[in-house]
There are 2 protein chains.
Amino acid sequence: MTAPPSLAGSPDTQATAAYRRLRAEILDGRLAPGQRLKVQDLAALCGAGPSPVREALAQLAAEGLARRIEQRGFRVADADPAGLAGLVRSRCLVEAAALREAIARGDAAWEDAVAAAERRLARLPRSLDPTRYVTNPAWEAAHRGFHQALLAACAAPPLLAFCERLRDEAERYRAQANAVAWPGRDVAAEHAAIAEAALDRDADRAAALLAEHLNATGEFVRRALERRAATPAARRRPTARLAAE
Amino acid sequence: MTAPPSLAGSPDTQATAAYRRLRAEILDGRLAPGQRLKVQDLAALCGAGPSPVREALAQLAAEGLARRIEQRGFRVADADPAGLAGLVRSRCLVEAAALREAIARGDAAWEDAVAAAERRLARLPRSLDPTRYVTNPAWEAAHRGFHQALLAACAAPPLLAFCERLRDEAERYRAQANAVAWPGRDVAAEHAAIAEAALDRDADRAAALLAEHLNATGEFVRRALERRAATPAARRRPTARLAAE
DNA sequence: CATCCTGTTTTTACCGACAAAATGCGCAGG
DNA sequence: CCTGCGCATTTTGTCGGTAAAAACAGGATG
């Protein structure tokens, strides 16, 4: 029971700490798409030297969250409509395939987990404030958990990891969109319908509903992105300095 | 005219050079699965300092070709039967889905490209030596080109990139297997059948043939892996020693 | 008026050195 | 003969400083 050197948790090395931090900032849009990532600035931000930061950036670039330009540093990956379209199409195809597989292979435990995740998600409010959108971390976690539970019975770890990665990237787009508007859609009903079809073992219906769900979110984000592009970049407010190169 | 510093091509930074090199060595098995990756050794190998090497390793770890163990360095990713099974399953699901999409969206140019790639591949010998297996780089390139051409009409870049990554990992397993045996299968016929079904726009048949093709390769590799586990001088200790150093 | 050159300033990419942690080894004790 | 503990050695992860490449700004030029 003595706690000699390091017992619990993560003694998190500087490199992974920087990785986590930068990843989070990119995902929620605090580091805007296209923005330049100067090593020294980030090093100062993370309170670390340049080496761990470069390591983190290399990792992020490999995951597609950043772009490396040889001899010219790193930038946050862009989030343009073309990228969104490819992302949504990928998600529809891949998640539908994974869901079909999960439905084919899922056992009783999988059914229970799906049902439980659905109920847990349904109980939580999407936004912390009923009148306008305020991110609810608990809902986000439950949402992720639901989609994960749906596919969990699919015995193909690389595929599931890929789904996770695409979900991450989608979150980045959503963060852009939520700055502008939020959906009036009844997402809870969509989730319930997907869960029901999956538990009925109706692969075609479940896959179609899931694809529709993803497409609807994509369409919403596309509109928001469009509207955002139309608005002249917040008429030179100092706050825009973050986004400016 | 004045013979400037770097004239053509890539002035390849040390980090990317190391990345390419290590990646190649992992893919063709010269760095064996599970092997420890000591930074200093690799740095000496690449003629570079530790920082670029760590950067390359972080990238490889993000791609799944290496594992990072916090505070304990990097190792080459394992290549055990379980990993192979998940990989094959993932490839079947993902490539089938991508192929369906490509068949649905492909135009005449796509058809031509597929047909051309198939003919190019059919013309090349699988092995440089007819009596035993000797890797033929031209065939490898054409093979990759064929599978790529098949899916090219699928408008989902992230998905295609993922297929590439899985193909890379599969190559790693194949390198293990080819050290033991080589398939008597008529792979050329399989490729021809897939191309024909795709050009007939018969998505179901094409997807089924492709999945079968991938499964057959997977099964071949699995057998080879099994045989390999039995033969080497790993009598006293369970398989652990193979991974050690 | 746009364009090109040129010197200055940032920024990248890299190395070598250093502390903390892990690994392996020898040795006492059961 | 095996088991557990402390010490020397390796290895990791990190920093600060440095050459070289890119970005920038200003002035001369067609």
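This one's a predicted model, so the numbers in the text were calculated from it and none came from an experiment. Just the heavy atoms: all of them, side chains too, but no hydrogens, waters or symmetry mates, feed the values below.
The side chain of Gln14(A) approaches dC15(D) more closely than any other nucleotide in the set dA17(C), dT12(C), dC15(D). Side-chain atoms of Arg72(B) lie closest to dT23(C) of the nucleotides dT23(C), dG16(C), dC15(D). Considering only side-chain atoms of Gln71(B), the nucleotide from dC14(C), dT12(C), dA21(C) that sits closest is dA21(C). For Ala48(A), whose side chain is taken as the heavy atoms from C-beta onward, the closest listed nucleotide among dT12(D), dC15(D), dC14(C) is dC15(D). Of the candidates dT12(D), dT12(C), dG13(D), dT12(D) carries the atom nearest the Arg36(B) side chain, counting heavy atoms from C-beta on.
With hydrogens and angles ignored, a donor-acceptor pair under 3.5 angstrom links the side chain of Ser51(B) to the base of dC15(C).
Between Gln59(B) and the choices Arg68(A), Gln59(A), Glu55(A), the side chain to side chain donor-acceptor pair (under 3.5 Å) rule is met once, by Arg68(A).
Using a 4.0 Å heavy-atom distance criterion, Glu55(A) is classed as making no nucleic acid contact. Residue Leu57(A) is out of contact with every strand shown, counting any heavy-atom pair closer than 4.0 Å.
We find that CZ of Arg54(A) is positioned 18 Å from P of dG13(D), with the value rounded to whole Å. Distance CG (Leu37(A)) to P (dT12(C)): 9 Å, rounded to an integer number of Å. If you measure from atom CZ of Arg68(A) to atom P of dT11(C), you get 18 Å, rounded to the nearest angstrom. If you measure from atom CD of Glu70(B) to atom C1' of dT11(D), you get 15 Å, rounded to the nearest angstrom. For the pair Leu42(B) CG and dT11(D) C1', the computed distance is 12 Å after rounding to whole Å. The separation between Lys38(B) atom NZ and dG13(D) atom C1' is 17 Å, rounded to whole Å.
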